[in-house]
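Below, chains carry the letters A, B, ... as their sequence lines are ordered, and counting in each starts from 1.
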2 protein chains.
Amino acid sequence: MRTDRAKAPGQQPPLTQEALVGAALLVLERDGLDALSMRRVAAELGVQAPSLYWHVRNKEQLLDLLADALVADAVPPPREGGWREQLRAYCHLHRRHLLGKRDAARVVAGRFNLGPSLLVILEDQLDRLREAGFPAAEAALTSYLLGNYVAGFVLQEQSPLSAAEAVGQATRTEVVNAARDHLQQLPADRFPNLVALAAELSEPDMEDRFAFGLERILDGLATLLEPAPGTR
Amino acid sequence: MRTDRAKAPGQQPPLTQEALVGAALLVLERDGLDALSMRRVAAELGVQAPSLYWHVRNKEQLLDLLADALVADAVPPPREGGWREQLRAYCHLHRRHLLGKRDAARVVAGRFNLGPSLLVILEDQLDRLREAGFPAAEAALTSYLLGNYVAGFVLQEQSPLSAAEAVGQATRTEVVNAARDHLQQLPADRFPNLVALAAELSEPDMEDRFAFGLERILDGLATLLEPAPGTR
DNA sequence: ACCTGAACACCGTTCAAGT
DNA sequence: ACCTGAACACCGTTCAAGT
């Protein structure tokens, strides 16, 4: 085997943080997060693993940098329409963006690092929110809420449904069917709702689920911004 | 060293899935998720690592079981007050419950396995939602939304703020202060909102953030259930 | 300043072999 | 049926040593 070295033909590009992140992006996309090791990133650069530690404190820091790189090429929606339309577009784009990159949500979710790319997005979002009339504190809270919602949702969405699927021993629809059957065969006296809603619960139309949650949040933000007539 | 064996004085309790899960819970609470290895769980049971594979397909399956065990002792809120109060209480309890167990959100979030304990909670939630007048499909979507929100939120909340904190080289307030300073020193012409909102963005009053998002969601569900007067 | 070799202390998982 | 020993193919990280 011995594929460790001589893999990258030209290793003239100097080893920098950006080079590490580029290699990490490549490994992530090609091999997935579980296979993303320091050794493999190093091999991608034609270098030994310990060399990376000169440019990066540890793997966690590399993952922080990777997370920021994953949102670097996100494209904000056009600045037209009301704040609702803009936030909706923002979230749908963000979801699509994460879904387009392998294991992206697993890297991004639960990682609070204010990298340069994220700062640009955050600034843009806050600006739109302020312009829409959101007070400062509420704008910050809203931005956090939306980012959290999208990342958390896609995390679920990108995760294997079960250990069986993760290991490739069952396809996604097999798992879904098994789940529905399982729910339907529960004792109807103890779990009437699960039995009745077996299909809705097990068949994950993620598009619908995402839109549902997002519209609830947008509605909630609307009543915050424009309280219902007669409330004040 | 050799602490592998003879650690558990009585290994008479037969090796079962429940025993594995119990040991895994113990290791998780004591050593954290990063230290939760098959070998360590086995050691906890006075047994060799390969033995576990007789009772469990692989580590993923053990984590699935662990995730369900983590919500097994969740206590649903009292069944009094309107649906809003009940859902609010549900989510706050769920958050507190996850926060109370080390790395719990990291195990639970992004893992969709319908274990027995989760089924009980789901049934109870659906029942309350149906009783409150939610149509079947909306009840299922709402339950998913809330579960996703809480798990995703706590995942962020329980995660280290940066690689520095993870490695114990900086305290949480040090990281927060550094983040605030970083935001404040950004060029004010390009990042006016980040500079202005530096404090709000970097000082994470997680209690507030959680409540804010939750109230928005509840408001959104309210307008779904009881459309604003004059809308129809 | 930057990279390598060798090593340490681990991993998850398989599989023949034991009982 | 259930557990062990030994092994395979890996990990992240440190550190002296090289250039």
Side-chain angles (χ1 to χ4, degrees), chain A residues 1-8 10-21 23-24 27-28 30-66 103 107 160 163-164 166-169, chain B residues 1-8 10-21 23-24 27-28 30-66 103 107 160 163-164 166-169:
Chain A
M1 301 310 161
R2 299 284 105 205
T3 57
D4 292 14
R5 190 81 62 82
K7 203 174 194 178
Q11 71 271 44
Q12 42 247 34
L15 229 49
T16 61
Q17 274 201 353
E18 300 87 68
L20 300 210
V21 173
V27 173
L28 181 70
R30 190 189 54 204
D31 306 324
L33 181 60
D34 292 334
L36 178 70
S37 67
M38 297 299 270
R39 286 173 147 95
R40 218 179 269 230
V41 170
E44 203 59 46
L45 296 161
V47 116
Q48 299 301 317
S51 309
L52 305 187
Y53 289 83
W54 184 263
H55 305 276
V56 110
R57 189 193 302 272
N58 52 25
K59 189 180 180 182
E60 266 302 293
Q61 199 202 331
L62 179 55
L63 290 176
D64 279 348
L65 296 170
L66 182 62
D103 288 339
V107 177
V167 109
Q169 291 177 344
Chain B
M1 300 308 161
R2 299 281 108 204
T3 57
D4 294 13
R5 190 81 64 84
K7 205 174 193 177
Q11 71 270 42
Q12 44 246 34
L15 228 50
T16 61
Q17 273 200 353
E18 300 87 68
L20 300 210
V21 173
V27 173
L28 181 70
R30 189 189 56 204
D31 306 324
L33 181 60
D34 293 333
L36 179 69
S37 67
M38 297 299 270
R39 286 172 147 94
R40 218 179 269 229
V41 171
E44 202 59 46
L45 296 162
V47 117
Q48 299 301 318
S51 309
L52 306 187
Y53 288 83
W54 184 263
H55 305 276
V56 109
R57 189 193 303 271
N58 51 25
K59 189 180 179 181
E60 266 301 295
Q61 199 201 331
L62 180 55
L63 289 176
D64 279 348
L65 297 170
L66 182 62
D103 288 339
V107 178
V167 108
Q169 291 177 345

| query | Looking only at heavy atoms, which two atoms of M38(A) and L52(A) are closest? And how far apart? | reply | O-CD1, 3.3 Å
| said: Minimum heavy-atom separation for S51(B) and L15(B), please, with both atom names. | reply: CB-CD2, 4.2 Å
| request: Quickly work out the L45(B) CG to dC3(D) P distance and round it to whole Å. | output: 10 Å
| field | Value in whole Å for how far the C1' atom of dG12(C) lies from CG of L36(B) | value | 12 Å
| Between dC11(D) (P) and D34(B) (CG): distance, integer Å | 17 Å
| message | What is the separation between atom CG on L20(B) and atom C1' on dC2(D), rounded to the nearest whole Å? | response | 13 Å
| query | Any side-chain heavy-atom pair from V107(A) and L36(A) closer than 4.5 angstrom? | reply | no
| request: Give the minimum heavy-atom separation between R39(A) and A49(A), together with the two atoms involved. | output: CG-CB, 3.8 Å
| query | Which atom pair, heavy atoms only, marks the closest approach of L65(B) to V21(B)? | reply | CB-CG2, 3.6 Å
| query | Looking only at heavy atoms, what is the nearest atom pair of V41(B) and A24(B), with distance? | reply | CG2-CA, 4.0 Å
| field | Side-chain donor/acceptor of Q17(B) to backbone N/O of H55(B), under 3.5 Å | value | yes
| query | Within the structure shown, what part of the strands sits under 4.0 Å from S51(B) by heavy-atom distance: base, sugar-phosphate, or nothing? | reply | base
| query | Once you round it to whole Å, what is the distance between C1' of dT19(C) and CD of Q48(B)? | reply | 15 Å
| Can you name the nearest heavy-atom pair linking A19(A) to P14(A), along with the distance? | CB-O, 3.9 Å
| Closer than 4.0 Å, any side-chain N/O of H55(A) to the OP1 or OP2 of dA1(C)? | no
| field | Heavy-atom side-chain proximity of L28(B) to L33(B) below 4.5 angstrom | value | yes
| Considering only dC11(C), dC3(D), dC3(C), which nucleotide approaches the side chain of S37(B) most closely? | dC11(C)
| In dot-bracket form, how is DNA chain D paired, counting a Watson-Crick or G-U wobble pair only if both its distances are under 3.5 Å and using | for bases paired to another strand? | ||.|||||...|||||.||
| request: Write down the distance separating the P atoms in dA9(C) and dA9(D), rounded off to the nearest Å. | output: 23 Å
| note | Looking only at dC2(D), dC3(D), dA1(C), the nucleotide nearest the W54(B) side chain is dC2(D)
List every contact pair, protein side and nucleotides 13-15 of chain C side both N or O, where the distance is under 3.5 Å.
residue	atom	partner	partner atom	Å
dT13(C)	OP2	Y53(B)	OH	2.7
dT13(C)	OP2	K59(B)	N	3.0
dT13(C)	O5'	Y53(B)	OH	3.3

| query | Rounded to whole angstroms, how far apart are CG on L15(B) and C1' on dC2(D)? | reply | 9 Å
